[in-house]
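Worksheet: the structure to be examined is printed underneath.
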Amino acid sequence: MNKVVLSAPKNGEIRVSGVQAYDSRVEFSAFSAKYVVRGCEQYRIDNRTYRVESGEYIVGNATTSSHIIIDSPQPVLGICLDIQPEVIQEILDFEYGTQPELAAFILQQEQMVNRYTAAHTHLGYAIRHIEQHFEALTREEAVLHQELFYTLGECMVKDQAVLWQQFSRLKTVKQETSKRLFDFVHEARLYIERHYLEPIALSSIAQEAHLSEYHFIRLFKKLFGRTPYQYVLHLRLQHAQLLIREGHAVAEVAFQTGFADKSAFCKAFKKKFGQTPSAVK
């Protein structure tokens, strides 16, 4: 199954898919995001393999060419978003004024391919809203409106503007070196987002980034404003807040989110959110 659920020549296209086996070259059109609802897709781009799992997506622009492999006993479900460059440019002009470097970064930068966890981005939030209607869309029982292209475009631009600012912080002699370092640290952040509820050793994350521990910590903080440990703590506490709002006991949440005891959890929680876990409603 590969069904177009919303299309407009001037704006773009949204498709839903369900595929068990696929092995072919695919060109990204316009500015694209490919999200996995269920299963796993592998993208081979410029001699690198990107494994995109459930709840994650990969983005690229018209310069991106990839080889996609899907091999699953159950259909791998996905959502593909293509937003025309004119829509992105219009949003850039309105939100950021004259920013030719940012526009080139989003629309023309070769090899600027990245994976994201949907739970941590503006675009991911919007995609997950579409995901809620996935089954209805496959049966043509749900209707998407044309203005959605602009909503998705705004989310894409916000996320990519942050990415551009992070990338610009890397002051290296060669553009290729900046790109390589950025990719390594970005992949390490994705590794943290996948495994933050598990015990994670700094050496493991640094190895994921192909860097020494010291170099990795410096680069991570320079790009994202937090050390790797601080980012793990941030994700655990965000998850803890969600669990408490769902009615889970504080002691249970402390254990699930990797804290040594309830006291240490409550102290960290209050420091971050300004209130105790028991005060959360």
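Worth saying up front: this structure is predicted, and the values here are computed from it rather than measured.
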Working to the nearest 0.5 angstrom, can you tell me the gap between [X] [atom1] and [Y] [atom2]?
X      : Y      : atom1 : atom2 : value
Asp46  : Thr63  : CG    : OG1   : 8.5 Å
Tyr57  : Asn114 : OH    : CG    : 9.5 Å
Thr151 : Met156 : OG1   : CE    : 11.5 Å
Phe31  : Leu152 : CZ    : CG    : 11.5 Å
Ile192 : Arg226 : CD1   : CZ    : 11.0 Å
Gln89  : Ile106 : CD    : CD1   : 9.0 Å

How about [X] and [Y]: do any of their side-chain heavy atoms sit closer than 4.5 Å?
X      : Y      : answer
His186 : Leu163 : yes
Val19  : Met1   : no
Val37  : Ile79  : yes
Glu213 : Ile205 : no
Ile130 : Val16  : no
Leu137 : Leu144 : yes
His234 : Lys272 : yes

Side chain to side chain contact (heavy atoms under 4.5 Å, CB included) between Leu233 and Tyr196, intermediate numbers included
CA-CA 8 Å; Leu233 183 61; Tyr196 67 90; over 6 Å; no
Of all heavy-atom pairs between [X] and [Y], which one has the smallest distance, and what is that distance?
X      : Y      : result
Gln84  : Gly12  : CG-N, 3.7 Å
Thr257 : His239 : CG2-CD2, 4.0 Å
Ala33  : Leu123 : CB-CD2, 3.9 Å
Tyr96  : Val157 : CE1-CG1, 3.4 Å
Gln256 : Leu197 : O-CD2, 3.8 Å
Lys262 : Ala254 : CA-CB, 4.1 Å

Counterpart residues, side-chain contact (heavy atoms from CB on, under 4.5 Å), relative to Glu246 (two or more places apart)
Leu242, Leu243, His248
With sequence neighbours excluded, tell me which residues meet side-chain contact (heavy atoms from CB on, under 4.5 Å) with Asp23.
His67, Ile69
If the test is ring pair (Phe, Tyr, Trp, His ring centres under 6.0 Å), which one of Phe167, Phe220, Trp164 qualifies with Phe182?
Phe167
Pairs in or reaching into residues 78-89: which pass salt bridge (Lys or Arg N to Asp or Glu O under 4.0 Å), with residues at least two apart or in two chains?
Arg15-Asp82
Indicate yes or no for a side-chain donor-acceptor contact from [X] to the backbone of [Y] under 3.5 Å, with no hydrogens or angles considered.
X      : Y      : result
Asn11  : Phe149 : no
Thr117 : His120 : no
Asp159 : Thr121 : no
Gln238 : Leu235 : no
Glu56  : Glu53  : yes
Lys3   : Ser17  : no
Arg38  : Val76  : no
Ser66  : Ile68  : no
Lys34  : Ile58  : no
Ser54  : Gly39  : yes

Output, in order, the C-alpha distance, side-chain angles, deciding distance and verdict of side chain to side chain contact (heavy atoms under 4.5 Å, CB included) for Val162 and His122.
CA-CA 11 Å; Val162 171; His122 294 95; 5.7 Å; no
Evaluate the criterion side-chain hydrogen bond (donor to acceptor under 3.5 Å, both in side chains) for residue pair Glu131 and Tyr35; output intermediate values, then yes/no.
CA-CA 9 Å; Glu131 181 184 6; Tyr35 174 78; 2.6 Å; yes
The test is side-chain hydrogen bond (donor to acceptor under 3.5 Å, both in side chains); show your working for Thr49 and Gln42 and say whether it passes.
CA-CA 7 Å; Thr49 299; Gln42 289 194 76; 5.2 Å; no
Within 6.0 angstrom of [X] [atom1], more than 12 heavy atoms from elsewhere:
X      : atom1 : value
Gln207 : CD    : no
Lys267 : NZ    : no
Glu95  : CD    : yes
Tyr125 : OH    : no

Output all residues satisfying salt bridge (charged side-chain N to carboxylate O under 4.0 Å, His left out) with Arg44, sequence neighbours left out; order by chain, then residue number.
none
Worked check of side chain to side chain contact (heavy atoms under 4.5 Å, CB included) between Gln160 and Ile88:
CA-CA 11 Å; Gln160 293 302 303; Ile88 299 296; over 6 Å; no
Name all residues meeting the ring-ring contact (aromatic ring centres under 6.0 Å, His included) criterion together with Phe269; count only those two or more places apart in sequence or in a different chain, and write none if there are none.
Phe265, Phe273
Under the ring-ring contact (aromatic ring centres under 6.0 Å, His included) test, residues paired with Phe184 that sit two or more places apart
His210
Going by atom types only, do Ser65 and Glu27 share a side-chain donor-acceptor pair under 3.5 Å?
yes
Test Pro228 against every option in Ile200, Val185, Leu202 by the side-chain contact (heavy atoms from CB on, under 4.5 Å) rule and name the one that passes.
Leu202
Taking the six-membered ring for Trp and the full ring for Phe, Tyr or His, determine whether the centres of Tyr150 and His145 are under 6.0 Å apart.
no
I'd like to know whether Phe134 forms a side chain to side chain contact (heavy atoms under 4.5 Å, CB included) with Val5, so could you lay out the CA-CA distance, the side-chain angles of the two residues, the decisive distance to 0.1 Å, and finally the verdict.
CA-CA 10 Å; Phe134 187 88; Val5 294; over 6 Å; no
Over 60° means perpendicular and under 30° means parallel, so tell me whether His129 and His133 are parallel, tilted or perpendicular.
perpendicular
Kindly indicate whether a cation-pi arrangement holds for Arg189 with Phe224, taking the cut-offs as under 6.0 Å to the six-membered ring centre and within 45° of the axis.
yes
Please step through side-chain hydrogen bond (donor to acceptor under 3.5 Å, both in side chains) for the pair Tyr231 and Glu193, ending with a clear verdict.
CA-CA 9 Å; Tyr231 190 53; Glu193 290 172 356; 2.5 Å; yes
